[in-house]
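Below: the structure, in structure tokens.
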Amino acid sequence: MASRSTNILSRASRIRQKLQSALEASSLEIEDVSYQHAGHAAVKGDANETHFNIKLVSPKFDGQSLVKRHRMVYDLLADELKTGLHAVSIVAKTPQESGMSKS
């Protein structure tokens, strides 16, 4: 049953679960901007949940280059990218960079 309930979650909910769990995000914002891409050649059929803006803060980004941070996110979303997610815009910061550091 667990796999069935996972399949009915929205893509945004699945993205949130994957990123929160793996990256232990202290801040995570996910915005569905698919409506802005309706009718584009690369969007097949329904444009629901195909394009997202993601902003996240994670201690796992400490010491990682921007490219490595983005790769971490893309790797976590690999299944979504294979099943209809077309594009993501990523802002990935450490707690220190975001001003959320306790030090």
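We use all heavy atoms of the structure for the numbers below, so side chains are in, but hydrogens, waters and symmetry mates are not. Each residue takes its place number in the sequence, starting with 1.
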With sequence neighbours excluded, what pairs up with [X] under the salt bridge (Lys or Arg N to Asp or Glu O under 4.0 Å) test?
X	answer
Arg69	Glu97
Asp62	none
Lys68	none

Residues at least two apart in sequence or cross-chain that pass side-chain hydrogen bond (donor to acceptor under 3.5 Å, both in side chains) with Ser13, listed by chain then number, are Ser10
By side-chain hydrogen bond (donor to acceptor under 3.5 Å, both in side chains), Glu31 pairs with (sequence neighbours left out) Asn53
Pairwise distance [atom1]([X]) to [atom2]([Y]) - rounded to 0.5 angstrom:
X	Y	atom1	atom2	result
Asp32	Thr50	CG	OG1	7.0 Å
Leu85	Asp79	CG	CG	11.0 Å
Met72	Leu77	CE	CG	12.0 Å

What one should report as the nearest heavy-atom pair of Ile30 and Phe52 is CG2-CD2, 3.6 Å
Grouping ILVMFWY residues whenever side-chain heavy atoms fall under 4.5 Å, the cluster of Val91 otherwise contains none
- Can any side-chain N or O of Ser34 pair as donor or acceptor with the backbone N or O of Glu49 at less than 3.5 Å? yes
inquiry  = Check whether Ser98 reaches the backbone of Pro95 with its side chain - one donor and one acceptor, N or O, closer than 3.5 Å.
reply    = yes
Please indicate whether Lys93 has more than 12 foreign heavy atoms, meaning atoms of other residues, nucleotides or ligands, lying under 6.0 Å from its NZ.
-> no
*Can you check side-chain contact (heavy atoms from CB on, under 4.5 Å) on Gln17 and Leu9, steps first, answer last?*
CA-CA 10 Å; Gln17 286 180 345; Leu9 290 176; 3.6 Å; yes
Steps toward side-chain contact (heavy atoms from CB on, under 4.5 Å) verdict (Leu23, Val73): CA-CA 9 Å; Leu23 298 175; Val73 173; 4.2 Å; yes
Only counting residues at least two apart or in another chain, list the ones meeting side-chain contact (heavy atoms from CB on, under 4.5 Å) with [X].
X	result
Ala87	His51
Leu66	His70
Thr83	Arg11, Glu80

Salt bridge (Lys or Arg N to Asp or Glu O under 4.0 Å) pairs touching residues 20-29, sequence neighbours excluded, are Glu24-Lys60
ask   = Do Ile54 and Leu19 come close enough that some side-chain heavy atom pair is under 4.5 Å?
value = yes
With a 4.5 Å limit on heavy-atom distance, are the side chains of Tyr74 and Leu81 in contact?
-> yes
